[in-house]
**Q** 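The structure that follows is given in the form of structure tokens.
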There are 2 protein chains.
Amino acid sequence: MTKGMRRGLNIEFRIWIYKGDVKLLGKGRVEILERIKRTGSILSASKEMKMSYRQAWQMVKEMNERAVSPLVEKKPGGKNGGGAVLTEAGEKAIVMFRKLEKRVEVFIKKNSERMEL
Amino acid sequence: MTKGMRRGLNIEFRIWIYKGDVKLLGKGRVEILERIKRTGSILSASKEMKMSYRQAWQMVKEMNERAVSPLVEKKPGGKNGGGAVLTEAGEKAIVMFRKLEKRVEVFIKKNSERMEL
DNA sequence: ATTCGTTATGCTTTTAAATGAATAACGAAA
DNA sequence: TTTCGTTATTCATTTAAAAGCATAACGAAT
């Protein structure tokens, strides 16, 4: 929203990945995945995003339930309180989403130049 | 959400047209425009969409304020209670939005085949 | 066995958005 | 000048989502 803004119109967009008619992934959830990957815990991820742990945890739970195989491996207990790490499926999910998102961004940019209202 | 659904993943998306950092148009607002065009009034449009007249009216007001020139011409009073009609800018807005939306849809479809998780 | 930071979960509270209801203003047509 | 269905606007209510809070469960390391 702040970068590459010139006069005239600009397009924002969002994509969601569905499986049948249940939502698997969106921007917010992918961001959670990315932060879990980097920080090693749902709690840290949620704090970074200023999102309640409650919700982040719920989202992870949902993602895991809905995907064919879990995206996040959660570890309660343990030395420093366990934590959470991405599964291979989780890693793939991020890549897939970001790749498509980037492509769409470029496409839209290309197709919305010299638009005016 | 109900058409063309096969197994595997499918992508949903939404686009918004911004002018600087204020939102001008989204799917919902375009739909209002289309229904105003067809029915001739904000009230009818809102009823069709099961949306409160309050909100539909507010959205039209906002669109008109934010666009360079108004998208809807509103007519209080008059024989059968006036009504509302699209301006030329309003007509153009619909076309522009739907055209881009369609292109993006096709693009995404093409770029999300054989995606899996 | 104790510790410690995380996951896990229920319950209440806040917040934001949409709705609903009520009423005034409008103005062309009859 | 009366009528009628719309636009215009205020205010209270409902609703849904997110946040906040409190507490249990967990389990590797010490």
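Chain letters run A, B, ... following the sequence lines, proteins first and then strands; every chain starts at 1.
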**Q** When you look at A/K23 and A/E62, which way does the salt bridge (charged side-chain N to carboxylate O under 4.0 Å, His left out) test go after all the steps?
**A** CA-CA 9 Å; A/K23 186 196 295 179; A/E62 261 192 26; over 6 Å; no
**Q** Once rounded to the nearest 0.5 Å, what's the spacing between atom CD1 of B/I17 and atom CD1 of A/I11?
**A** 4.5 Å
**Q** How long is the gap from CD on A/Q58 to OG on A/S52, to the nearest 0.5 Å?
**A** 9.0 Å
**Q** For DNA chain D, what residues of residues 52-72 of chain A have any heavy atom nearer than 4.0 Å?
**A** A/S52, A/R54, A/Q55
**Q** Can you sort out which residues in residues 33-47 of chain B have a heavy atom within less than 4.0 Å of DNA chain D? Ascending by number, please.
**A** B/S41, B/I42, B/L43
**Q** Could you walk me through whether A/M63 and A/L24 satisfy the side chain to side chain contact (heavy atoms under 4.5 Å, CB included) test, starting with their C-alpha distance in whole Å, then the side-chain angles of each, then the deciding distance to 0.1 Å, before giving a yes or no?
**A** CA-CA 6 Å; A/M63 282 191 271; A/L24 270 186; over 6 Å; no
**Q** Restricting to pairs with a member in residues 79-93 of chain B, which pass salt bridge (charged side-chain N to carboxylate O under 4.0 Å, His left out), not counting sequence neighbours?
**A** B/K37-B/E91
**Q** Which value, rounded to the nearest 0.5 Å, describes the distance between B/L9 atom CG and B/M115 atom CE?
**A** 5.0 Å
**Q** Once rounded to the nearest 0.5 Å, what's the spacing between atom CZ of A/F13 and atom CD of A/E101?
**A** 5.0 Å
**Q** Taking the side chain as every heavy atom from C-beta outward, state whether A/R29 and A/F97 have any atom pair closer than 4.5 Å.
**A** no
**Q** Just do the salt bridge (charged side-chain N to carboxylate O under 4.0 Å, His left out) check on A/K109 and A/E105 with the steps written out, would you?
**A** CA-CA 6 Å; A/K109 201 148 282 172; A/E105 184 192 333; 3.6 Å; yes
**Q** Quick check for you: name the first and last nucleotides of DNA chain C, 5' to 3', having an atom under 4.0 Å from a heavy atom of chain B.
**A** C/dA18 to C/dA29
**Q** Might you work through the salt bridge (charged side-chain N to carboxylate O under 4.0 Å, His left out) test for B/E31 and B/R35, ending with a clear yes or no?
**A** CA-CA 6 Å; B/E31 199 172 324; B/R35 291 180 193 275; 2.9 Å; yes
**Q** Distance from B/M96 atom CE to B/K99 atom NZ, nearest 0.5 Å?
**A** 9.0 Å
**Q** Walk me through it: do A/V68 and A/K19 pass the test side chain to side chain contact (heavy atoms under 4.5 Å, CB included)?
**A** CA-CA 10 Å; A/V68 180; A/K19 177 180 174 189; 3.7 Å; yes
**Q** In Å, rounded to the nearest 0.5 Å, how long is the span from CG of B/L86 to CD1 of B/I32?
**A** 11.5 Å
**Q** Give, ordered by number, those residues of residues 78-89 of chain A having at least one heavy-atom distance below 4.0 Å to an atom of DNA chain C; if nothing qualifies, reply none.
**A** A/K79, A/N80, A/G81, A/G83, A/A84
**Q** Take B/E65 and B/K61 through the test salt bridge (charged side-chain N to carboxylate O under 4.0 Å, His left out) and record every step on the way to the result.
**A** CA-CA 6 Å; B/E65 287 169 354; B/K61 179 183 149 98; 3.5 Å; yes
**Q** Minimum heavy-atom separation for B/Y18 to B/D21, with atom names?
**A** CD2-C, 3.7 Å
**Q** Under 3.5 Å for both distances, Watson-Crick or G-U wobble, that's the pair rule; now give the dot-bracket for DNA chain D, with | marking pairs to another strand and [ ] for crossing ones.
**A** ||||||||||||||||||||||||||||||
